[in-house]
Protein chains: 2
Amino acid sequence: MRALNADTGYLLYRLGLQSGRLFNAILEESGLRLRHYALLRYLSSVAGAPQRELSDRLGYDPSAIVSLVDDLQRLELVERRPSPGDRRSRIVVLTERGKDALRDTDKAGNRVTDDLLGPLDAEDRAALHALLQRVAERDRS
Amino acid sequence: MRALNADTGYLLYRLGLQSGRLFNAILEESGLRLRHYALLRYLSSVAGAPQRELSDRLGYDPSAIVSLVDDLQRLELVERRPSPGDRRSRIVVLTERGKDALRDTDKAGNRVTDDLLGPLDAEDRAALHALLQRVAERDRS
DNA sequence: AACAACTATTGACGACAACAATGATTGGCC
DNA sequence: GGCCAATCATTGTTGTCGTCAATAGTTGTT
C-alpha cells in the first residue's frame, strides 16, 4: 500500500478499495453487500425513489437494481410501492426494519472508519470529511 | 452520488470508485487497467520485487499477479528475472519502456485528478493529499 | 388511433476476482 | 543424507459482476 509519490486520485482509489473491503467484511454477517448498503443509504436521504433514479444516482445498471431491491425486499428492509402518477414506475421506500438495519450498519461503519483513520486525530478527521464531502458534491445534478 | 450524511469511510469508498473509473478510462487507450498501473507504480518505488511481494503489498491474489505480469511483459514494460538466491522466486523489474509508460500515465493521472478535485483550490488539494497519505501509510509494514 | 419513448424486468455473454489444487524448490530436522 | 513441512509461481475452477440486447406494460405525442 505504500506508493509514496502517488497522486491524489490514485490515493483515493487505493483507500477507497481498502475502505470498501472493510465495509464488506462488516456487512457480510448481515447477508448484505456494499451495493445494498449504498442503496439503503441513498433511500434514507430521499424517502422513496423510483428504480430508475436509483440506477442513475448510484451508477448501477437498471438490471442490477432489480436484484438488489429483490434481495432487500426479501429481508423486508424495503418495499416496492406503485407510483401514484406513473404506473410504469415503482417507488422503493425503506421499511421501519430497513431504517433500523441502516442505523445498525452505520454504527458498524463508524467502527470501520475509526479503524481506517487510525493515525488521524478528531480535528484531522473533520477536515478530511469536509474535503471529501466537497469533492463528492461536485457532481450532484 | 449525494449521500450527504454518510460517514468518512463510505465517502472514501464512493470517491475511490469514481476515481478508479476515471483512471480506467485514461488507461484504456494504452491497453492497461488500474491493476497494471498499480503494479508499475509499486515497482517504480522499489526497483524490483518478487511476485509474492507484489501480491502482499498490492492486496491481489498471487494468481492475479501472474496474468498482470504476463500482460506487462507482453508489452515489454517489465521483465521477469531469476532471483539470485531463490530459484522458486522471480523478481519483476521495470524496463526502460516501462518507466517511460509510467511517466506518461502519471501525466494523464494528474489530469484526471485535476478534474476530480474540481471544487478544491491548491491549498485544499495539498491538505487533502497530506491527509490521505497519512492514512495510507498507516499500515506499511 | 398509431407510434415513439420510457419503466422495470429477464436473459445471455464476457470479464474478472476469489478460492482451491499442483509442480518445483527451499529449509529445517532427526 | 533423507524426509517433511512450508513457500513461490502457476493453472484451473467457480461464482459474481457489468454490459448489452430483448420484452411486456405504460405514457405522451401527433
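Keep in mind that this is a model prediction, so the values were computed, not measured.
Rounding to whole angstrom units, CD of residue B:Q73 and P of D:dA9 are separated by 13 Å. Whole-Å rounding puts the A:I65 CD1 to D:dT19 P distance at 12 Å. Taking atom CG of A:L27 as the reference point, atom P of D:dT16 lies 16 Å away to the nearest angstrom. Counting to the nearest Å, the P atom of D:dT16 and the CG atom of A:D61 are 18 Å from each other. When rounded to the nearest whole Å, the span between CZ of A:R52 and P of C:dA5 equals 15 Å.
Inter-residue side-chain proximity for B:T8 and A:R125 is flagged as unmet; no heavy-atom pair is nearer than 4.5 Å. Side-chain contact between A:E53 and A:Y42: present, with at least one pair of heavy atoms (C-beta onward) separated by less than 4.5 Å.
Ranked by how close their nearest DNA chain D nucleotide is to the 5' end, A:Y60 and A:G85 are led by A:Y60. Taking for each of A:S63 and A:D86 the nucleotide of DNA chain D with the nearest heavy atom, the 5'-most of the two is the partner of A:S63.
When distances run from any side-chain atom of A:V66 to the nucleotides C:dA17, C:dT10, D:dA9, the shortest one goes to C:dT10.
Between A:S89 and C:dA8 there is a side-chain N or O to OP1 or OP2 distance below 4.0 Å. At least one side-chain nitrogen or oxygen of B:R80 sits closer than 4.0 Å to the OP1 or OP2 atom of D:dT10.
The aromatic rings of A:F23 and A:Y37 sit tilted relative to each other, their planes meeting at an angle between 30° and 60°.
Scanning all heavy atoms of the two residues, the minimum distance from B:V93 to B:L43 falls at C-CD1, 4.5 Å.
No hydrogens or angles were tested; on distance alone, a donor-acceptor pair under 3.5 Å links the side chain of B:R88 to the base of D:dT7.
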